[in-house]
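Data first, discussion second: the structure below is written as structure tokens.
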There are 2 protein chains.
Amino acid sequence: MELDIRIKMNEKLYLRNPEESALGKKIVRNGIQLINKLGFEEFTFKKLATDSGTTEASIYRYFENKHRLLMYLISWYWNYLEYKVVFSLNNLKDPELKLKTIIKLLVEDHQNKDLNSDYISEKEAYRLLIWEGSKAYLTRSIAKDNKDRLFKPYKDLCERFSKVIREYNPTYKFSHSLASTILEMAHSLKFFKQNLPALTDFPKEPDDKKIVLFLETLLFSAIAK
Amino acid sequence: MELDIRIKMNEKLYLRNPEESALGKKIVRNGIQLINKLGFEEFTFKKLATDSGTTEASIYRYFENKHRLLMYLISWYWNYLEYKVVFSLNNLKDPELKLKTIIKLLVEDHQNKDLNSDYISEKEAYRLLIWEGSKAYLTRSIAKDNKDRLFKPYKDLCERFSKVIREYNPTYKFSHSLASTILEMAHSLKFFKQNLPALTDFPKEPDDKKIVLFLETLLFSAIAK
DNA sequence: CAATAAATAATAGCATTACTATCATTATTA
DNA sequence: TAATAATGATAGTAATGCTATTATTTATTG
């Protein structure tokens with residue numbers, strides 16, 4: 001079985017909905033790849049146009065600028081991740097197990113073959129988040145972007161996470177801060193492990209069990225009853 | 001008494017040492033202000049030249065490009081912070097007190113009147129770090145930059161921090177990861193509190209005692225003996 | 001103090017970026 | 001089949017991210 005999941009995206013993210021045309025999907029699919037290849041700074045709509053066999057002008061009909069395209073992609077990822085969390089937590093009763101499940105979802109390389117989107121690769125989106133994720137909010141347009149509710153997916157995920165934290169320990173006072181700490185550091189530590197390993201204690205092994213272990217012990221010691 | 005501290009900067013950061021001329025200092029001083037004002041993406045050497053009453057060409061004689069200027073400034077800040085840590089920890093014996101002191105230094109708005117640099121404002125550098133800090137490493141040039149040892153100041157600070165953690169609890173296995181987590185989140189949470197408060201549990205009050213409290217409890221519960 | 005060197009200013013130029021606009025052409029849909 | 005919408009082709013413009021050249025000022029040192 002393959003579930004073709006469709007995520008409803010905030011309309012402020014685009015000028016024309018890229019999901020509704022072959023070109024739109026191509027722009028998104030090639031866009032994420034090209035940003036991953038070049039890095040966001042070196043990435044341009046011109047290059048994406050050439051890469052996708054279309055023109056700059058056509059891309060501008062879908063996205064106002066490259067920052068909005070990045071927002072679209074990151075936003076998609078947070079939505080997707082929340083969806084995965086909901087899916088994976090279904091039928092789980094034990095808050096401890098729920099929390100461990102969330103951490104695994106945050107850290108594990110994404111290779112889910114059941115859940116899948118028809119045009120955005122999970123793996124590419126994950127890499128994008130790790131390398132470019134914080135550039136989505138570290139801008140002067142954050143107030144406006146926030147007003148446009150572009151960060152809702154991230155906040156929703158954080159809120160869902162923090163609820164499970166409070167389920168585990170209702171007296172813990174910093175559930176949101178703790179949730180965003182785990183969210184942020186899951187990705188930062190993956191980056192550090194690869195690029196600045198001195199900032200971590202993780203050897204360059206293929207799996208990320210140590211990161212999971214670190215985040216788990218950090219989380220559970222913080223909320224110990 | 002005012003201590004005029006001078007930080008030795010990695011020579012790879014610049015083409016010509018900006019500390020050695022009035023123009024160089026002006027470029028750095030105005031540069032940090034202008035990046036803070038415009039955001040790094042909107043910041044250009046042209047604008048800085050106009051702002052500083054000089055020319056683009058002159059700025060290019062000091063810094064290869066704006067990313068290297070950012071690296072210079074961030075690097076300066078990490079160096080400065082490590083210096084402050086060393087200074088503040090001097091004569092302290094109790095590892096617990098040492099750790100609390102470090103967290104305060106990370107979170108507190110910087111207004112130190114004793115320690116001061118003649119040309120970089122501590123407050124401006126702190127704001128720069130919060131808004132633009134991660135852009136220093138989230139680039140495709142990280143491998144090269146790392147080889148040039150541009151991240152040494154950050155690693156040194158992290159190492160110093162992690163040593164105190166192990167002093168407190170010699171059996172704790174993730175001292176570097178924990179140190180970088182506290183370092184990163186101190187600044188992220190300050191940013192979130194201001195710009196995406198839903199990701200935190202901190203009301204919009206002027207002081208940051210709650211952030212300090214959160215980080216302290218996170219740290220000490222993780223390394224509890 | 002003059003001579004020389006070094007730093008800066010002034011100016012120009014060039015390829016690329018980040019768009020906007022126009023018009024022709026090809027699909028789609030009514 | 002006519003009308004509408006989407007895309008392609010092409011052009012253009014101001015700004016960016018540089019590099020180069022020459023003139024002028026400032027510093028140094030013989």
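The shown structure was predicted, so the numbers you read here are calculated from the model rather than taken from an experiment.
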[X] side chain: which of [options] is closest?
X     : options                : answer
B/T44 : C/dA10, D/dG17, C/dC19 : D/dG17
B/R16 : D/dG17, C/dA7, D/dT7   : C/dA7
B/K47 : D/dT16, D/dC18, D/dT7  : D/dT16
B/S58 : D/dA9, C/dT8, C/dC19   : C/dT8
B/Y60 : D/dT16, D/dC18, C/dT8  : D/dC18
A/T55 : C/dT17, D/dT10, C/dT8  : D/dT10
A/K66 : C/dT8, C/dA18, D/dA9   : C/dA18

In whole angstrom, what separates [X]'s [atom1] from [N]'s [atom2]?
X     : N      : atom1 : atom2 : value
B/I59 : D/dA20 : CD1   : P     : 18 Å
B/L70 : D/dG17 : CG    : C1'   : 16 Å
B/L48 : C/dA9  : CG    : C1'   : 15 Å
A/F63 : D/dA6  : CZ    : P     : 15 Å
B/K26 : C/dT8  : NZ    : C1'   : 13 Å
B/E20 : D/dA27 : CD    : P     : 15 Å
A/H67 : C/dC19 : NE2   : P     : 12 Å
B/L15 : C/dT8  : CG    : C1'   : 16 Å

Item checked: Of A/R6, A/K26, A/R29, A/K8, the residue whose pairing with A/E19 passes salt bridge (Lys or Arg N to Asp or Glu O under 4.0 Å) ->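 Of the listed options, the one satisfying the test is A/R6.
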
Notebook entry, point to check: For DNA chain D, whose closest nucleotide is more 5', that of B/E64 or that of B/R61?
Noted result: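 Upstream on the strand: B/E64.
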
Next item on the list: Test the A/K66-A/F40 pair against the cation-pi criterion, namely NZ or CZ under 6.0 angstrom from the six-membered ring centroid and within 45° of the ring axis.
Entry: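 Yes - A/K66 lies over the ring of A/F40, closer than 6.0 Å to its centre and within 45° of its axis.
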
Checklist line | Between B/F192 and A/Y137, ring centroids under 6.0 Å | finding: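 Yes: the rings meet the under 6.0 Å criterion.
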
Next item on the list: State yes or no: are the ring centers of A/W76 and A/Y72 separated by less than 6.0 Å?
Entry: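 No, too far apart.
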
Check: Looking for any heavy atom pair under 4.0 Å, which part of the strands does B/Y62 touch: base, sugar-phosphate only, or nothing?
Finding: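 Sugar-phosphate contact only - B/Y62 comes under 4.0 Å of backbone atoms but never of a base.
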
Checklist line | Along DNA chain C (nearest heavy atom to each residue), the more 5'-positioned of B/A22 and A/F45 | finding: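 Per heavy-atom nearest nucleotide, the more 5' residue is B/A22.
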
Next item on the list: Check step by step if ring pair (Phe, Tyr, Trp, His ring centres under 6.0 Å) holds for B/Y62 and B/Y14.
Entry: CA-CA 6 Å; B/Y62 285 88; B/Y14 50 77; 8.9 Å; no

